[in-house]
Novice: 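Take a look at this one; I'll ask things after.
FYI, the numbering just counts along the sequence from 1. Worth knowing before you read on, the calculation uses all heavy atoms, side chains too, and leaves out hydrogens, waters and symmetry mates.
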Amino acid sequence: MGWILMSERDLNRVEVLSDVTQGRMTAASAANVLGLSRRQVHRLLKRFQSEGPASIRHKARGRVSNNRIDPAVREFAVALVKESYIDFGPTFAAEKLEEDHGLKVSRETLRTWMRDAGIWLSRKQRRTFHPPRLRRECYGELIQIDGSDHRWFEDRGPACTLLVFIDDATSTLMQLEFVTSESTFSYFGALESYLGKHGRPVAFYSDKHTVFRVAQQGAKSGYGMTQFGRALNELNIEILCANSSQAKGRVERANRTLQDRLVKELRLAGIADMEAANAFLAGFMDRYNARFAKIPRRPDNLHRALNIEPDRLRDVLCFRDERYVGNQLAFSYDRRRIILEENEITRGLPGKYVDSYAFADGRLEFRWKGASLPYSAFDKDQRVTHAAITENKRLGAVLKFIKDEQDKAPPKKHRAGKQRTRYEPNGRRNDGWNSKLARAAKEKRAASQGGDT
């Protein structure tokens, strides 16, 4: 006798009926266990005793289902999908088969047919795997940087951003700093602290945030790099942008760990503001690195000495730009009108470009060949412009600035519509009484009248 296929339910019935046959269980108990009536149990028991365990299995096993769809329908549906809907999902393809061809097939049935025909892959089968990237060999060779926007103080304080610098070779936290948002000046401040502690690394590895990468690579204006990239170039540090978040997985995983551990550490310490949190970070980094830092494959430290004066470093870590000086020694900068004071240097500047230096503390300088130029500024409206483009990572800081500006004063009123001129008609028409020809005729009449007299 060969193998007999039985379901788990059938096997359970065989076991219970065997106990009833051997007297270890009553028919009433068997009915309760199997969820059947006593009459049905006696029917099964009679069949079990006369024909054996094989008689207990379902009689429809091995037979064609009465609800089976005709194989010709299946072949027709699969052929239609291959011909016209090869890149459609099962749900959409089932809708189109019913709408355009009058063929009604459930989406799950069509999913099975498409999967068996090799024209559909499940989500699990379509999943792509990113092979792990080996760590760099030396400490200071590659530093991954990122900003993590999170409610670090939970409900005790506002949400803010944590700037994270982590060494790729050792997973050592190199720099942590709480800031309002991911901005160029925020990264300038963190970079200055990093350089003071560790020196200059070989390269930084970041995402495609506009702080690090120019969004429009084909722009005709500019020099193809951001302010942060320009500063790193002057410091002889390379900046690399990852193509995906998985590529800079070490800093991403560090962010998840920090969002768990650091949040709870701040809660235990009762910290609810960025100033106290930044003071707390030094001790936290020591404990974190003692727990999670790895030993590099090579003992070399590729950090280089900074070798730059503090004043020179401040000139590097700022917003730098150029402005064209007009004939009146004036130009526009950040919605302000800048007028240079006239002196021996500025008299020769019309038609030339001067360098602008905007610092994190709000100071603004204009220089010509290193010499600072005296100027006066006239502010225009400094409110956020209508429909201003705002990045998601800076949305919280921008909204806070907008609220502060709204609390200060109401917005300026603007004229409605497209007013090309300010001419207001007075209702009077020019009938030509004062035209050149009318004046000449008037003078001729006056002359002729004078001659008659």
Novice: How many angstroms lie between atom NE2 of His303 and atom OH of Tyr194, to the nearest 0.5 angstrom?
Specialist: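 Interatomic distance, His303 NE2 to Tyr194 OH, rounded to 0.5 Å: 2.5 Å.
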
Novice: Carefully, step by step, assess Ile308 and Leu195 under the rule side-chain contact (heavy atoms from CB on, under 4.5 Å).
Specialist: CA-CA 10 Å; Ile308 188 172; Leu195 297 175; over 6 Å; no

Novice: Is there a salt bridge (charged side-chain N to carboxylate O under 4.0 Å, His left out) between Asp315 and Arg367? Walk through the geometry before answering.
Specialist: CA-CA 11 Å; Asp315 290 346; Arg367 300 177 186 175; 3.1 Å; yes

Novice: Between CD1 of Ile143 and CD of Gln175, what distance do you get to the nearest 0.5 Å?
Specialist: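 The CD atom of Gln175 is 11.0 Å from CD1 of Ile143, to the nearest 0.5 Å.
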
Novice: So does Arg261 pair up with Glu265, basic N to acidic O under 4.0 Å?
Specialist: no

Novice: Strictly under 6.0 Å, is that where the ring centroids of Phe359 and Phe185 end up?
Specialist: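 No, they do not, as the ring centres are separated by 6.0 Å or more.
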
Novice: Counting only heavy atoms from other residues, nucleotides and ligands, does the tally under 6.0 Å from CG of Leu268 exceed 12?
Specialist: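 Yes, because the 6.0 Å sphere around CG of Leu268 holds more than 12 heavy atoms from other groups.
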
Novice: Any chance the side chains of Ser171 and Arg135 put a donor and an acceptor closer than 3.5 Å?
Specialist: yes

Novice: What's the separation between atom OG in Ser244 and atom CG in Asp207, rounded to the nearest 0.5 Å?
Specialist: 11.0 Å

Novice: Is there a side-chain contact (heavy atoms from CB on, under 4.5 Å) between Tyr324 and Phe331 once you walk through the steps?
Specialist: CA-CA 7 Å; Tyr324 180 82; Phe331 51 87; over 6 Å; no

Novice: Classify the side-chain pair Tyr187/Glu182 by whether it contains a donor and acceptor separated by less than 3.5 Å.
Specialist: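 There is such a pair (donor and acceptor under 3.5 Å, judged by atom type) between the side chains of Tyr187 and Glu182.
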
Novice: Which distance, rounded to the nearest 0.5 Å, do you find between the CZ of Arg250 and the CD1 of Ile166?
Specialist: 8.5 Å

Novice: Please indicate whether Glu275 has more than 12 foreign heavy atoms, meaning atoms of other residues, nucleotides or ligands, lying under 6.0 Å from its CD.
Specialist: no

Novice: Show me the pairs that pass salt bridge (charged side-chain N to carboxylate O under 4.0 Å, His left out) and involve residues 64-93, at least two apart or across chains.
Specialist: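 Qualifying pairs: Arg74-Asp116.
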
Novice: Would Ser332 and Arg337 count as having a side-chain donor-acceptor pair, cut-off 3.5 Å?
Specialist: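 Present: a donor and an acceptor within the cut-off.
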
Novice: Working to the nearest 0.5 Å, report the span between CG of Leu176 and CG of Asn278.
Specialist: 9.0 Å

Novice: More than 12 non-hydrogen atoms from neighbouring residues, nucleotides or ligands closer than 6.0 Å to CZ on Arg136, yes or no?
Specialist: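 12 or below, so no.
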
Novice: Can we say Arg151 and Glu154 salt-bridge, meaning some charged N sits less than 4.0 Å from an Asp/Glu carboxylate O?
Specialist: no

Novice: Taking atom types as modelled, is there a side-chain donor on Glu341 or Thr346 under 3.5 Å from an acceptor on the other?
Specialist: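 Note: Glu341 and Thr346 side chains miss the donor-acceptor criterion.
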
Novice: Within a radius of less than 6.0 Å around CZ of Arg267, do more than 12 heavy atoms belonging to other residues, nucleotides or ligands occur?
Specialist: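 Yes, CZ of Arg267 has more than 12 neighbouring heavy atoms, counting only those of other groups under 6.0 Å.
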
Novice: Take atom CG in Asp361; do more than 12 heavy atoms of anything else shown fall under 6.0 Å from it?
Specialist: yes

Novice: In this structure, are over 12 heavy atoms from other groups packed under 6.0 Å from Gln328 atom CD?
Specialist: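 No, CD of Gln328 has 12 or fewer neighbouring heavy atoms, counting only those of other groups under 6.0 Å.
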
Novice: Salt-bridge test for Arg363 and Glu365: reply yes if a basic N is under 4.0 Å from a carboxylate O, no otherwise.
Specialist: yes

Novice: Suppose we screen for salt bridge (Lys or Arg N to Asp or Glu O under 4.0 Å). Which residues come up paired with Lys442, at least two apart in sequence or across chains?
Specialist: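 Not a single residue meets the salt bridge (Lys or Arg N to Asp or Glu O under 4.0 Å) criterion with Lys442.
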
Novice: May I have all residue pairs that pass salt bridge (charged side-chain N to carboxylate O under 4.0 Å, His left out) and include part of residues 194-204, sequence neighbours excluded?
Specialist: none

Novice: As an exercise, state the distance from CG of Leu191 to CG of Leu235, rounded to the nearest 0.5 Å.
Specialist: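 Answer rounded to 0.5 Å: 6.5 Å.
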
Novice: Are Phe76 and Leu103 close enough, and set up right, to give a side-chain contact (heavy atoms from CB on, under 4.5 Å), and what steps lead you there?
Specialist: CA-CA 9 Å; Phe76 179 60; Leu103 181 59; 3.9 Å; yes

Novice: Pairing donors with acceptors under 3.5 angstrom, does anything connect the side chains of Thr112 and Thr109?
Specialist: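 No donor-acceptor contact under 3.5 Å links the two side chains.
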
Novice: A quick test of your reading: do over 12 heavy atoms of other residues, nucleotides or ligands sit less than 6.0 Å from CZ of Arg156?
Specialist: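 More than 12 within 6.0 Å, yes.
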
Novice: Would you check if Leu163 and Asp146 make a side-chain contact, meaning some heavy-atom pair closer than 4.5 Å?
Specialist: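 The answer is no, as the side chains (C-beta and beyond) never meet within the 4.5 Å cut-off.
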
Novice: What class does the angle between the rings of Phe212 and His209 fall in, given that below 30° is parallel, 30 to 60° is tilted and above 60° is perpendicular?
Specialist: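 It falls in the perpendicular class, over 60°.
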
Novice: I want to know whether Phe366 and Tyr357 have ring centres closer than 6.0 Å.
Specialist: no

Novice: Donor-acceptor pair, distance only, cut-off 3.5 Å: does the side chain of Gln125 make one with the backbone of Ser122?
Specialist: yes

Novice: Whether Arg256 and Glu252 form a salt bridge (side-chain N of Lys/Arg under 4.0 Å from carboxylate O of Asp/Glu) is what I want to check.
Specialist: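 Result for this pair is no, no salt bridge flagged.
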
Novice: So, Arg312 and Glu234, do they make that salt bridge, N to O below 4.0 Å?
Specialist: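 Salt bridge flag = yes for Glu234 with Arg312.
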
